[in-house]
Amino acid sequence: MTDEELIEKAKAYRAHSYSPYSHFPVGAAVLAASGKVYGGCNIENSSYPLGNCAERTAIFKAVSEGERDFTAIAIVADTPGPCSPCGACRQVMAEFHIPKVIMANLKGEWCVVTMDQLLPYAFSDTDL
Ligand SMILES: O=c1ccn([C@H]2C[C@H](O)[C@@H](CO)O2)c(=O)[nH]1
Ligand SMILES: [Zn+2]
């Protein structure tokens, strides 16, 4: 699976976004070491804080299917530059040591960053 293919998967999941409040659809796709891809979208709620981001939807779907090892995650939204994940999603990505984060937008711009770049000095199980 190439980076571009994972971005395309994320785009397809973005179409399922439930975002009537922000009108900001986001899609994500996480590639597991098993080779399977799990996608997600943001899912909002009239009680705003209950909304879930696309990245966490995808990761939680994968983990609930028994996946623990991941190769990469792609995120896509209609942003001016590549879509950057929020802090909560960065912490969840760090928990599962997702090594490669592909940030993309609908204009075809994308870039790859590491977890260390996204969340330096992350809190982790080694701090407990
Ligand atoms: O990386 C991001 C950034 C934002 N959102 C969602 C949360 C909310 O539903 C909407 C606006 O912030 O976009 C994501 O899913 N992922
Ligand atoms: Zn998030």
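In what follows, every heavy atom counts, from backbone to side chain, and hydrogens, waters and symmetry copies are set aside.
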**Request:** Could you check whether the rings of F70 and F96 sit parallel, tilted or perpendicular, using 30° and 60° as the cut-offs?
**Result:** perpendicular
**Prompt:** Is R90 reaching over with its side chain to a backbone N or O of L119, donor-acceptor style, under 3.5 angstrom?
**Reply:** no
**Asked** Under 3.5 Å, is there a donor-acceptor pair between the side chain of E5 and the main chain of T2?
**Response**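 Such a contact is found between E5 side chain and T2 backbone.
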Minimum heavy-atom distance between [X] and [Y], given as atom pair plus value:
| X | Y | answer |
| --- | --- | --- |
| A10 | A74 | CB-O, 3.8 Å |
| S84 | M103 | CA-SD, 3.8 Å |
| T71 | P99 | O-CG, 3.3 Å |
| S124 | T126 | OG-OG1, 2.8 Å |
| W110 | P82 | CA-CG, 4.1 Å |
| E44 | P20 | OE1-N, 3.7 Å |

**Request:** Take atom NZ of K107 as the centre, draw a 6.0 Å sphere, and report whether it contains more than 12 heavy atoms from other residues, nucleotides or ligands.
**Result:** yes
Would you kindly confirm whether [X] and [Y] end up in one hydrophobic cluster when ILVMFWY residues are joined by side chain heavy atoms under 4.5 Å apart?
| X | Y | answer |
| --- | --- | --- |
| V76 | F24 | no |
| I98 | V37 | no |
| I75 | V30 | yes |
| M1 | I73 | no |
| V26 | L118 | yes |

Is the shortest side-chain heavy-atom distance between [X] and [Y] below 4.5 Å?
| X | Y | answer |
| --- | --- | --- |
| Y13 | K61 | yes |
| D3 | V112 | yes |
| R14 | L106 | yes |
| H97 | M115 | no |

**By ring pair (Phe, Tyr, Trp, His ring centres under 6.0 Å) - contacts of Y38 (at least two apart)** =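 Y38 satisfies ring pair (Phe, Tyr, Trp, His ring centres under 6.0 Å) with no residue once adjacent residues are dropped.
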**Asked** For residues T57 and N52, is any side-chain donor paired with an opposing acceptor at under 3.5 Å?
**Response**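 The criterion, which ignores hydrogens and geometry beyond distance, is satisfied for N52 and T57.
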**Contacts of type side chain to side chain contact (heavy atoms under 4.5 Å, CB included), residue A88, not counting sequence neighbours** = R56, C86
**Asked** Under the side chain to side chain contact (heavy atoms under 4.5 Å, CB included) test, which residues partner A72, sequence neighbours left out?
**Response**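 Listed in chain order: L6, K100, I102.
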**Message:** Which residues pass the side chain to side chain donor-acceptor pair (under 3.5 Å) test with K11, not counting sequence neighbours?
**Reply:** E8
**Asked** Got a sec, which residues hit side chain to side chain donor-acceptor pair (under 3.5 Å) with S17, two or more places apart in sequence or on another chain?
**Response**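 With sequence neighbours excluded, S17 shows a side chain to side chain donor-acceptor pair (under 3.5 Å) to S19, N42, given in chain and number order.
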**Request:** With rounding to the nearest 0.5 Å, note down the distance linking CD in Q117 to SG in C111.
**Result:**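 Reported value, rounded in 0.5 Å steps: 9.0 Å.
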**Request:** Hey, could you give me the CD/SG distance between E109 and C83, rounded to the nearest 0.5 Å?
**Result:** 12.5 Å
**salt bridge (Lys or Arg N to Asp or Glu O under 4.0 Å) contacts touching residues 67-84 (sequence neighbours left out)** =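 Pairs touching residues 67-84 that pass the test: none.
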